[in-house]
Amino acid sequence: MHKPVHDTGPGPHTHFGYQSVPESEKARRVADVFHSVASRYDLMNDLMSAGLHRFWKHFAVARAQVRAGMKVLDIAGGTGDLARAFAQRAGARGEVWLTDINESMLRVGRDRLLDAGLVVPVAVCDAECLPFPDAYFDRVSVAFGLRNMTHKEQALAEMRRVLKPGGKLLVLEFSRVSPALAGAYDWYSFNVLPRMGRCVAGDEASYRYLAESIRMHPDQDTLAAMMRDAGLERVQYFNLTAGVAALHEGVRLS
């Protein structure tokens, strides 16, 4: 397994996978990754997770408990899986926004929602500076997007800001796998995933970044603490598939 490479150049730095890069570069590099994989994103997710990502998302939707008339914000919504489920539950009286910082991903998600007969508002926006008023949404979700954000603390604070008192944030993300599976998981991540990306999506580097970005993401307890620091309460998490993924949730109480 590769180790982090540190850049000692001037200015604030952050991680892009195992590389240390200037903060100003990370958003562009992440954008390049998702522009590259957008058209094969769902196919690769099915192959990489043996379809388990659908179960993880189904669990997140169930925990969200979206009801008719609710307002929901799906951040980094990609190809629209969660937004579609939320829109079906919120109904005509509800309001579900599909957002992503990456236009290529958002375009795929919008088209798939339209194909399903769902017309929802979409917006290209940065989770660290959301273009929505305070206390507007009943639910905010982000699935497999938080680890790509440069300033996670700022993004979490923004998610809390736009929640109504009593509203819930749900963060579904790859997390820290059980130690008993760590060796096999690392071998799969750094040997099989990049080759699969090369063969199916024509992009080995993006899937090596995926494996690296998961290792650099905060573990379950650290992310829970970050959510509390952002002002969320009743924070808890659920490990999924031995911690390959985890669903964190927190409530804005005031």
Side-chain angles (χ1 to χ4, degrees), residues 1-2 16-18 30 33-64 74-86 88 98 100-102 104-106 108-109 111-113 116 141-149 152 170-220 223 237-249:
M1 187 170 63
H2 297 289
F16 175 76
Y18 283 167
V30 171
V33 167
F34 286 95
H35 285 311
S36 173
V37 304
S39 63
R40 297 292 183 94
Y41 184 76
D42 282 341
L43 173 61
M44 280 297 297
N45 280 349
D46 281 333
L47 292 173
M48 289 187 303
S49 70
L52 284 170
H53 77 102
R54 297 182 184 273
F55 161 75
W56 301 334
K57 291 172 182 175
H58 179 79
F59 181 75
V61 169
R63 290 293 308 176
D74 187 26
I75 294 172
T79 54
D81 290 348
L82 292 186
R84 176 177 178 174
F86 293 148
Q88 290 169 337
L98 172 62
D100 202 296
I101 198 171
N102 187 276
S104 297
M105 294 291 291
L106 192 62
V108 173
D111 291 349
R112 291 187 178 180
L113 287 167
S141 68
V142 54
F144 305 111
L146 183 65
R147 74 180 187 283
N148 296 313
M149 296 175 190
K152 296 176 180 61
L170 300 107
V171 181
L172 179 61
E173 188 55 87
F174 292 112
S175 200
R176 198 70 78 245
V177 72
S178 167
L181 299 178
Y185 184 56
D186 282 347
W187 182 87
Y188 174 78
S189 298
F190 289 97
N191 291 277
V192 177
L193 283 190
R195 293 175 187 175
M196 191 183 298
R198 182 180 67 233
C199 294
V200 177
D203 187 346
E204 179 176 346
S206 291
Y207 287 91
R208 185 168 298 281
Y209 162 74
L210 168 65
E212 294 176 356
S213 69
I214 292 169
R215 274 73 183 173
M216 300 302 292
H217 186 65
D219 65 17
Q220 289 90 326
L223 179 54
Y237 65 81
F238 304 88
N239 280 322
L240 305 172
T241 317
V244 172
L247 176 68
H248 284 68
E249 57 183 51

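Atom NE2 of H53 sits about 11.0 Å away from atom CG of L172, to the nearest 0.5 Å. Summarising the geometry, atom OG belonging to S175 is positioned 9.5 Å from atom CG belonging to L240; distances are rounded to the nearest 0.5 Å. Atoms CG and OH, from L193 and Y209 in turn, are 14.0 Å apart once rounded to the nearest 0.5 Å. Interatomic distance, F174 CZ to Y185 OH, rounded to the nearest 0.5 Å: 6.0 Å. The structure places CZ of R147 at 12.0 Å from CD of E212, a figure rounded to the nearest 0.5 Å. Rounding to the nearest 0.5 angstrom, the gap separating the CG atom in N239 from the CD atom in Q220 is 4.5 Å.
Looking at every heavy atom in both residues, A85 comes nearest to V61 through CB-CG2, 3.8 Å. In this structure, V177 and A182 approach most closely via the heavy-atom pair CG1-CA, 3.8 Å. Closest approach of S189 and P194 over heavy atoms only: O-CD, 3.2 Å. Heavy atoms only, all atoms of each residue included: G80 and L98 are closest at CA-CD1, 4.2 Å. Here the shortest heavy-atom pairing between K152 and M149 reads NZ-O, 3.2 Å.
Between R63 and F238 the shortest side-chain heavy-atom distance falls below 4.5 Å. Residues V171 and L247 are not in side-chain contact: their nearest non-hydrogen atoms beyond the backbone lie 4.5 Å or more apart.
Judged purely by atom type and a 3.5 angstrom limit, E173 uses its side chain to pair as donor or acceptor with the backbone of G145. In terms of modelled atom types and a separation under 3.5 Å, the side chain of D100 and the main chain of M105 share no donor-acceptor contact.
For the side chain to side chain donor-acceptor pair (under 3.5 Å) test, residues two or more places apart in sequence or in another chain that qualify with D74 are S141. For the ring-ring contact (aromatic ring centres under 6.0 Å, His included) test, no residue two or more places apart in sequence or in another chain qualifies with F86. Legend: residues meeting ring-ring contact (aromatic ring centres under 6.0 Å, His included) with Y237, ordered by chain and number and at least two apart, are H248.
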Go through the steps to decide whether E204 and R195 satisfy the test salt bridge (charged side-chain N to carboxylate O under 4.0 Å, His left out), and finish with yes or no.
-> CA-CA 6 Å; E204 179 176 346; R195 293 175 187 175; over 6 Å; no
Side chain to side chain contact (heavy atoms under 4.5 Å, CB included) between H217 and R176, worked out = CA-CA 9 Å; H217 186 65; R176 198 70 78 245; 5.6 Å; no
Could you go through the side chain to side chain contact (heavy atoms under 4.5 Å, CB included) check for L146 and L223 one step at a time?
-> CA-CA 10 Å; L146 183 65; L223 179 54; 3.6 Å; yes
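Salt-bridge formation is detected for the pair D186/R215: a Lys NZ or Arg NE/NH1/NH2 atom is positioned less than 4.0 Å from an Asp or Glu carboxylate oxygen.
Taking the six-membered ring where tryptophan is involved, the planes of F144 and W56 are tilted, since the angle between them lies from 30° to 60°.
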